[in-house]
Amino acid sequence: MKKILLPLLTLMVSFSVKAQELETLLLAKDDASKLTNAYLDPAMKGFIYSMNNGWYHTAKVHKKFGFDITIGANLSFIPEKDEIFNLTKLGLSSNTTYNQNTTATVAGSNSMAPAELTYTTTIEGETVEANFTMPEGIKEDLPANAVPAPSIQVGVGLPFKLEAMVRYVPQVGSDDVKGGLFGIGVKKEITDWFGPMDKTPLHVSLLAGYTNMNVDYTIGNVDGEVSTRDAAAEFKLNSYTVQAIASLNFPVINIYGGVGYNGGSTKLNMLGDYTLTYETGNPLQPTVQETITDPLKLKNNAGGFNTTLGARLSLGFFKIFGSYTLQEYNSVNAGIAFSFR
């Protein structure tokens, strides 16, 4: 089960490679949140859309106390327009200047030259400044420039043509990065609402699902223009989906699809004390320092309507399935299931 979260933790490690570069953005003080948010925004959206994927591969519910175990993987593709962002659109203060208007997001290519910025401020009555560079993108480290998310899910049939679904991955990882997730969903078959349709291979259901994910990252000790000791970061995701789904269930092949709404939010908090070093231009006192605590508390939201189409191959109790979802960040889902009754 621990391997289910491995793709996600691999991605978080890729992010952590850029962590020290992200910490230098703290030198921009009040503008740091805007810069960091713009850089990470595609990854945050990708997590939300990926975690909302893969809740179903049929509209038919289990018989009472029938169950299935589903193991799947989701990828949400980051559109090309979100590989870069425009610094002039962020509403940065006049304290921040830059050498170019556009720079890569986390989903951009590392071949793109990052923007170089200068932040000027006043500390203890003296004008000081700091120069720093935006982080490069990690497009080359992402599978198909997409944000992956795993899922392991158990579905159980209940009375009244209901089915409960649970997703769970325990807290796993290393000393530096650990993550876990929990989700719950319910599916209600409504085929009999449409009269004789329940005598056909067509099944219709309503579905709702909620997923919570937490990842903790140890920043540790960092030296340089931004220095810190025993610092950490925490990432939290809450996502939800509401779907109307249908499937044609034949003995071997199922065709399924749905329409609905996916949404959610992410929070990223950078915790600890950080000492910022600025240049004065004064040879008698070349630098001054300022310490800030818990400097970043970022929140992102994403949501929109979607359409899904998929197919499932049934080999007795063993199922193989795959689907594609059209939405803001188009997604693909694939996996296997062991289904009984």
Side-chain angles (χ1 to χ4, degrees), residues 1-5 50-74 149-170 180-213 239-262 306 308-325 331-341:
M1 183 179 291
K2 293 183 179 181
K3 292 183 179 179
I4 297 298
L5 202 57
S50 286
M51 294 307 299
N52 274 326
N53 226 17
W55 275 103
Y56 65 94
H57 42 83
T58 179
K60 184 179 180 180
V61 298
H62 285 291
K63 297 178 182 178
K64 187 177 178 180
F65 302 128
F67 69 96
D68 70 85
I69 300 171
T70 299
I71 301 170
N74 309 300
S151 64
I152 181 166
Q153 181 174 308
V154 177
V156 179
L158 300 174
F160 310 111
K161 292 193 174 181
L162 287 167
E163 183 176 317
M165 298 165 287
V166 174
R167 292 177 167 183
Y168 176 70
V169 177
L181 66 88
F182 174 78
I184 188 168
V186 62
K187 182 165 61 177
K188 166 63 177 176
E189 186 166 352
I190 59 172
T191 308
D192 57 4
W193 293 7
F194 303 96
M197 187 184 295
D198 61 355
K199 306 300 182 183
T200 72
L202 179 63
H203 296 264
V204 181
S205 290
L206 301 176
L207 180 147
Y210 168 82
T211 303
N212 170 266
M213 180 176 67
S239 64
Y240 61 89
T241 184
V242 180
Q243 302 288 322
I245 62 178
S247 64
L248 285 168
N249 292 63
F250 299 110
V252 178
I253 295 291
N254 286 8
I255 304 298
Y256 63 92
V259 294
Y261 188 90
N262 286 335
N306 64 82
T308 297
L309 182 63
R312 186 181 77 173
L313 177 65
S314 297
L315 303 172
F317 64 84
F318 181 66
K319 319 292 183 182
I320 304 172
F321 61 89
S323 65
Y324 191 84
T325 299
S331 303
V332 64
N333 165 254
I336 60 174
F338 303 91
S339 182
F340 304 91
R341 302 182 67 232

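One distance of note links OG of Ser205 with CG of Leu162; it measures 9.5 Å at 0.5 Å rounding.
Considering only residues two or more places apart in sequence or on other chains, Phe338 meets the side chain to side chain contact (heavy atoms under 4.5 Å, CB included) condition with Phe317, Phe318, Ile336, Phe340. Here Asp68 pairs with His62, Thr70 under the side-chain hydrogen bond (donor to acceptor under 3.5 Å, both in side chains) rule; sequence neighbours left out. In this structure Ser331 satisfies the side-chain hydrogen bond (donor to acceptor under 3.5 Å, both in side chains) test together with Ser76, Gln327, sequence neighbours excluded. Residues satisfying the side chain to side chain contact (heavy atoms under 4.5 Å, CB included) criterion with Val156, sequence neighbours excluded, are Phe67, Val154. Scored by the side-chain hydrogen bond (donor to acceptor under 3.5 Å, both in side chains) test, Asn212 finds Asn214, Asn238 as partners (sequence neighbours excluded).
With hydrogens and angles ignored, the 3.5 Å screen pairs a side-chain donor or acceptor of Ser247 with a backbone N or O of Ala59. Within the 3.5 Å criterion, the main-chain N or O of Phe160 finds a donor-acceptor partner in the side chain of Lys188.
Taking the six-membered ring where the residue is Trp, Tyr256 and Tyr56 present perpendicular rings, their angle passing 60° and hence far from 30°.
Across all non-hydrogen atoms, the minimal contact from Val204 to Thr191 is N-OG1, 2.9 Å. Contact between Ser50 and Asn74 at its shortest, heavy atoms only, is O-ND2, 3.3 Å.
Two residues are said to be in side-chain contact when any heavy atoms from C-beta on lie closer than 4.5 Å; Leu181 and Met51 meet this criterion. Looking at heavy atoms from C-beta onward, Phe321 lies in side-chain contact with Asn333 at the 4.5 angstrom threshold.
Identified under the side chain to side chain donor-acceptor pair (under 3.5 Å) test for residues 152-166, with sequence neighbours left out: Gln153-Arg167.
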Can Ile190 and Leu206 be said to form a side chain to side chain contact (heavy atoms under 4.5 Å, CB included), step by step? CA-CA 7 Å; Ile190 59 172; Leu206 301 176; 4.0 Å; yes
Test log, rule side chain to side chain contact (heavy atoms under 4.5 Å, CB included), inputs Gln243 and Asn262: CA-CA 8 Å; Gln243 302 288 322; Asn262 286 335; 3.4 Å; yes
Going through the checks in order, is the side chain to side chain contact (heavy atoms under 4.5 Å, CB included) test met by Val186 and Leu207? CA-CA 6 Å; Val186 62; Leu207 180 147; over 6 Å; no
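For the pairing with Lys60, the side-chain contact (heavy atoms from CB on, under 4.5 Å) check across Leu202, Leu248, Asn249 returns one residue only, Asn249.
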